[in-house]
Amino acid sequence: MESVKVLPLNRNRFVGSAAVNAPATPPKPKLLDQVRQAIRRRHYSDRTEKAYVHWIKRYIFFHNKRHPLEMAEPEIAQFLSSLATEGRVSASTQNQALNALLFLYNEVLSKKIGLIDGVVRAKRPQRLPVVLTKDEVKKVLDRMTGAPHLMGLLLYGAGLRLMECCRLRIKDIDFSRNEVVVRSGKGNKDRYTMLPSAVQDSLIQHLRGVKSQHDEDLRNGLGRVALPNALDRKYPNAGKKWGWQWVFPATSHYTDRSTGEKRRHHLHESVLQRAFKEARLKAGVFKPAGCHSLRHSFATHLLENGYDIRTVQELLGHNDVTTTMVYTHVLNRGGKGVRSPADGL
């Protein structure tokens with residue numbers, strides 16, 4: 001009888017088999033996707049993300065699609081200089097491009113960038129802000145109607161920036177204290193400013209209409225707005241609450257890409273910009289004024305009324321009082337007003 005040949009048990013016979021190997025590590029995200037992820041981890045705004053990605057793409061294409069790791073200070077200097085000499089960009093635009101590239105190297109590529117020599121700097125013009133007189137402000141605002149009229153009154157009467165006004169929520173208006181809370185303003189800072197009495201009655205009437213629209217949305221299974229940061233996950237139903245609704249909501253809904261849910265956005269800033277321009281031309285005011293000129297006029301007229309410059313600085317949300325000092329070019333201490341400049345309209 002032949003003996004049976006016993007083969008040793010190969011416990012490692014499956015080692016190396018594709019069927020049991022651990023899944024391969026996912027491919028590394030593309031460079032611009034890494035930039036977007038780094039920006040979102042730091043909770044920068046959507047506009048900052050869009051601007052930074054734009055400048056990084058231009059930088060790469062300027063150097064014939066070379067990878068940024070292959071480049072350093074000389075290539076950055078060459079790109080920034082071309083923006084000033086050939087692109088004729090402003091100083092603030094050139095600084096934004098520089099900030100985008102520094103973010104790319106420091107936060108994404110972890111490559112230290114030293115002193116960038118030889119950059120042709122764009123000249124920063126010394127221009128005064130465009131300020132409308134009180135009579136001009138009244139003429140322009142009198143020719144605006146509906147939500148844009150209320151928004152214009154708030155830009156002038158509370159010193160709001162354009163997007164600060166668009167992003168106001170119901171909970172940010174305090175009628176009992178005549179205050180407006182500006183959330184996540186420039187520099188991601190909160191601040192208080194005044195709620196002008198001239199706008200209160202019209203604003204209350206406007207909010208009644210917004211409340212009716214919101215109630216109708218809720219009856220139709222809608223009524224949700226986007227919340228900042230991760231509040232949607234922490235408070236799943238807060239997006240439908242009245243306090244979180246926009247003061248100036250859009251006229252239609254949009255579909256959120258990540259959730260597929262229909263939401264209502266705030267009124268787009270271009271609606272106010274277009275209404276202001278049309279009203280300015282109808283009023284016969286031909287200064288190169290935009291919506292931001294109402295904020296300039298707010299600060300200038302407060303100083304003319306005798307307000308302390310530190311108070312105006314706080315209302316505007318300036319870090320440094322020297323920024324507010326630009327409005328003293330028309331300073332007139334003759335008046336002692338203690339109300340919002342909009343209250344005289």
Side-chain angles (χ1 to χ4, degrees), residues 36 40 43-50 141 143-155 157-158 160-185 188 190 193 195-196 198-279 291:
R36 293 186 180 97
R40 292 169 188 176
H43 302 290
Y44 290 179
S45 70
D46 292 339
R47 292 185 172 216
T48 300
E49 177 183 325
K50 184 177 179 181
L141 293 181
R143 284 163 176 79
M144 297 172 70
T145 58
H149 174 67
L150 287 175
M151 297 171 80
L153 280 172
L154 285 173
L155 293 183
L160 300 181
R161 298 179 177 92
L162 175 61
M163 293 309 300
E164 290 173 349
C165 182
C166 291
R167 292 171 178 161
L168 280 177
R169 298 184 189 258
I170 302 298
K171 63 185 182 60
D172 299 330
I173 307 292
D174 190 340
F175 289 100
S176 62
R177 297 176 59 88
N178 297 330
E179 285 181 344
V180 175
V181 184
V182 178
R183 309 278 183 184
S184 301
N188 201 27
D190 295 352
T193 186
L195 176 65
V199 76
Q200 290 192 24
D201 291 342
S202 300
L203 187 57
I204 290 172
Q205 186 65 31
H206 167 78
L207 292 181
R208 289 190 184 124
V210 175
K211 184 67 166 62
S212 298
Q213 176 182 265
H214 177 57
D215 291 341
E216 180 67 22
D217 284 346
L218 291 176
R219 285 192 291 270
N220 294 328
L222 303 170
R224 184 178 292 276
V225 297
L227 300 184
N229 302 323
L231 288 178
D232 268 325
R233 294 195 300 271
K234 189 174 183 181
Y235 306 108
N237 294 320
K240 291 186 176 182
K241 301 297 183 182
W242 170 237
W244 282 102
Q245 302 303 305
W246 306 110
V247 173
F248 301 106
T251 55
S252 60
H253 294 85
Y254 73 99
T255 302
D256 184 77
R257 293 180 182 178
S258 58
T259 64
E261 194 172 44
K262 281 193 172 183
R263 296 177 177 176
R264 193 181 287 277
H265 199 45
H266 59 69
L267 196 66
H268 197 271
E269 62 271 19
S270 62
V271 176
L272 177 56
Q273 291 170 326
R274 187 165 52 250
F276 179 86
K277 181 178 180 180
E278 292 174 357
C291 293

If you take all heavy atoms of Phe248 and Cys165, which pair is closest and at what distance? CD1-O, 3.8 Å
Side chain proximity check, Trp242 to His214, heavy atoms < 4.5 angstrom: yes
For the CZ atom of Arg264 and the CD atom of Gln245, what is their distance to the nearest 0.5 Å? 9.0 Å
Test side chain to side chain contact (heavy atoms under 4.5 Å, CB included) applied to Ile173 and Val181, step by step: CA-CA 7 Å; Ile173 307 292; Val181 184; over 6 Å; no
Rounded to the nearest 0.5 angstrom, the NZ-SG distance for Lys277 and Cys291 is 11.5 Å
May I ask you to test the Ile170-Leu207 pair for a side-chain heavy-atom distance under 4.5 Å? yes
For Leu203 and Leu195: C-alpha separation, side-chain torsions, deciding distance, then whether side chain to side chain contact (heavy atoms under 4.5 Å, CB included) applies. CA-CA 10 Å; Leu203 187 57; Leu195 176 65; 4.2 Å; yes
Above 12 or not: heavy atoms from other molecules or residues under 6.0 Å from CG of Asn220? yes
Do you know which two heavy atoms are closest between Tyr235 and Leu227, and how far apart they sit? O-CD1, 4.3 Å
Under a 4.5 Å cut-off applied to non-hydrogen side-chain atoms, are Val182 and Thr193 in contact? yes
For Gly185 versus Glu164, what's the shortest heavy-atom pair and its separation? CA-OE2, 3.7 Å
Distance from Asp232 atom CG to Asn237 atom CG, nearest 0.5 Å? 10.5 Å
To the nearest 0.5 angstrom, please state how far the CG atom of Leu150 sits from the CG atom of Leu168. 11.5 Å
Check the pair Glu49 / Arg36 against side chain to side chain contact (heavy atoms under 4.5 Å, CB included), numbers first and verdict last. CA-CA 6 Å; Glu49 177 183 325; Arg36 293 186 180 97; 3.6 Å; yes
Hey, are the side chains of Met151 and Leu267 touching, using non-hydrogen atoms and a 4.5 Å cut-off? yes
Using a 3.5 Å cut-off and no angle test, enumerate the donor-acceptor pairs between side-chain atoms of residues 268-276 and protein atoms at least two apart in sequence or in another chain.
from, atom 1, to, atom 2, distance (Å)
His268, ND1, Ser270, N, 3.1
His268, ND1, Ser270, OG, 2.8
Glu269, OE2, Arg47, NH2, 2.6

Do the side chains of His253 and Asp217 get nearer than 4.5 Å, heavy atoms only? yes
Answer yes or no for Arg169 and Trp246: cation-pi contact, defined as NZ/CZ to six-membered ring centre under 6.0 Å and angle to ring axis within 45°. yes
Beyond-backbone contact of Asp201 with His206, side-chain heavy atoms, under 4.5 angstrom: no
Closest contact, heavy atoms only, Leu222 versus Lys240: O-CE, 3.7 Å
Less than 4.5 Å apart, side chain to side chain, heavy atoms only: is that true for Leu154 and Val199? yes
Shortest non-hydrogen contact from Leu218 toward Gly223: CD2-CA, 4.1 Å
Shortest non-hydrogen contact between Lys262 and Thr255, atoms and distance: CG-OG1, 4.0 Å
Within the supplied structure, the quantity of interest is the number of heavy atoms (other residues, nucleotides, ligands) at a distance under 6.0 Å from Lys171 NZ; does it exceed 12? yes
For Thr259 and Asp256, what are the C-alpha separation, side-chain angles and deciding distance, and is it a side-chain hydrogen bond (donor to acceptor under 3.5 Å, both in side chains)? CA-CA 6 Å; Thr259 64; Asp256 184 77; 3.0 Å; yes
Strictly distance-based, threshold 3.5 Å: is any side-chain N or O of Glu179 a donor or acceptor partner for the main-chain N or O of Phe175? no
Residue list, ring pair (Phe, Tyr, Trp, His ring centres under 6.0 Å) with His149, at least two apart or on another chain: none
Side chains of Pro249 and Gln213 in contact at under 4.5 Å (non-hydrogen atoms): yes
Is the closest basic N to carboxylate O distance between Asp215 and Lys211 below 4.0 Å? yes
Considering residues at least two apart in sequence or located in another chain, which fulfil the ring pair (Phe, Tyr, Trp, His ring centres under 6.0 Å) criterion with Tyr254? His265
